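We number each residue from 1, following the sequence as shown. Predicted model only: the values in this text are computed from it and were never measured. Both counts, for ligands and for their atoms, begin at 1 and track the order of listing.
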Amino acid sequence: MKNLLLFAILLVFLASEVRAGEDKELSNDSSNKASFERLESLQNKQWQHGSPDCQSNNDPAIEVFQYDKSSYILRQNKCLSYEAPFIYVLVGDEKILVLDTGATASEQEFPLYKTIQTLNQKHAEQDNSSNREVLVIHSHSHSDHYSVDPQFENQPRVTVVAANSVAIKEYFSFKNWPEQQTTIELGGRSITIIPTPGHQGEAISIYDTQTQWLLTGDTLYPGVIYVKDWQDYKDSITRLVEFSSKHKVSAILGAHIEMTNRAGEYYEIGTIYQPEESALPLMAADLLTLSSQLNLDDKPTKIVLDGFIVEPLGTLPKLISNIVSWFI
Ligand SMILES: [Zn+2]
Ligand SMILES: [Zn+2]
C-alpha cells in the first residue's frame with residue numbers, strides 16, 4: 001500500500017514536471033515569436049521622411065516609435081534638420097538612457113527634454129514608482145547628435161556626459177581606450193560601451209542586452225559613412241565583429257538613413273524628402289561583409305555595398321573637422 005502511494009506521488013510529480021517543461025517551451029516559443037515580430041515591424045517601419053515642401057509639413061518635430069515595453073526610437077523631423085538623426089531611449093528600472101540628443105537646440109521647435117519626461121512619467125505611472133534618473137550620452141561628437149544637450153543640462157536628476165574625449169573617458173572609466181569595453185547598469189538592463197573611433201575620434205557603439213541591439217551612431221548606418229581615420233575605423237569594425245561573434249545581435253541600428261530602397265543608391269546630402277528610403281536596421285552579416293571589404297586593401301578606398309557606402313574623408317573636410325573639434 002505504501003509503495004503504491006509512493007508510486008502515485010511519483011507519477012503526479014512527473015506529470016507536473018512534463019507540464020512545466022511544456023509550459024516553458026510554449027513561453028519560449030511565444031517570446032521568440034514576439035521578438036521576431038518586433039524585429040519585423042522595425043524592418044518594415046516607414047519613418048517620417050520629410051516633405052518636398054516643408055512649409056506644408058505637419059509631422060511632429062519628434063517621431064516616437066515604441067519597440068518593446070521599454071525601448072524607443074525617436075527620429076527628428078527632416079524639415080527641422082535634413083540630418084533627421086535617430087535618438088535611442090532605453091528605459092531601465094532605475095535609469096533612462098538617452099543616446100544622442102539631435103540637431104535642433106530650440107525647445108519650442110524640438111522639445112526633446114519634454115518628450116523624454118513624458119516617457120519617464122508614463123513608466124513611473126506604470127510601475128507606481130517615481131521618475132527615473134536620466135543619463136544622456138552620445139554616439140560621437142558631431143553637432144547633429146548633441147545640439148539639444150542644453151535642454152537637459154541643469155535639470156533635476158539628469159546627467160549629461162559631454163560629447164568630448166575627456167568627459168567620455170572619465171564617466172565610463174576608460175583606462176585603455178579604444179581597446180577596453182565597459183558596462184553601465186540601468187537597473188535590470190546592462191549596456192556595453194564599445195569604443196569605435198574612425199568616423200570621428202570619440203565615437204562609441206553600445207550594446208543593449210534587452211533588445212540585443214548594437215547601436216552604432218554614424219559608425220555604421222544605411223547611408224554614406226565618412227571616415228576620418230581609416231586605420232581606426234578598420235580596427236573598430238574588427239572590434240564590432242569580435243563582439244558580435246560572442247553576443248547575439250538582433251539588429252545594427254545607426255543614427256541616420258540616407259540610402260534609398262534600391263541597392264547602392266543614396267539621397268544627396270541636404271535632402272529633405274526621402275519617400276523611398278531604406279529600412280533602418282542593418283544586420284550582423286553587413287558587419288562581416290564590411291570587415292572583409294576593409295581587409296582587402298590597406299589604403300583608404302571607397303566601399304560601395306547594397307545597404308551603405310564607406311568613404312574616406314577628404315583632406316579639406318578633415319582639416320575643418322579637426323578645427324571644429326578644438327571648440328567642443
Ligand atoms: Zn550624424
Ligand atoms: Zn557624424
*Is any side-chain heavy atom of Ser236 less than 4.5 Å from a side-chain heavy atom of Pro197?*
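Side-chain contact under 4.5 Å: yes.
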
*Measuring from Glu40:CD to Ser35:OG, what's the distance to the nearest 0.5 Å?*
11.5 Å

*Qualifying side chain to side chain donor-acceptor pair (under 3.5 Å) pairs, either residue in residues 82-93, two or more places apart*: none

_Testing the basics here: between His49 and Arg75, what is the closest heavy-atom pair and its distance to 0.1 Å?_
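Scanning both residues, the minimum pair turns out to be CA-NH1, 4.3 Å.
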
_Going by side-chain contact (heavy atoms from CB on, under 4.5 Å), name the residues that satisfy it together with Pro281, two or more places apart in sequence or in a different chain._
Leu42, Gln43, Ala251, Leu253, Ala279, Met283

*At a cut-off of 2.8 Å, list the protein N/O/S atoms near the Zn ion (ligand 1), residue plus atom name.*
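Under 2.8 Å from the Zn ion (ligand 1) - ignoring waters, which are not counted - the protein N, O or S atoms are Asp144 OD2, His145 NE2, Asp218 OD2, His256 NE2.
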
*Could you pull out all residues at least two apart from Asp68 that satisfy side chain to side chain donor-acceptor pair (under 3.5 Å)?*
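Side chain to side chain donor-acceptor pair (under 3.5 Å) list for Asp68, sorted by chain: Ser71, Gln210.
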
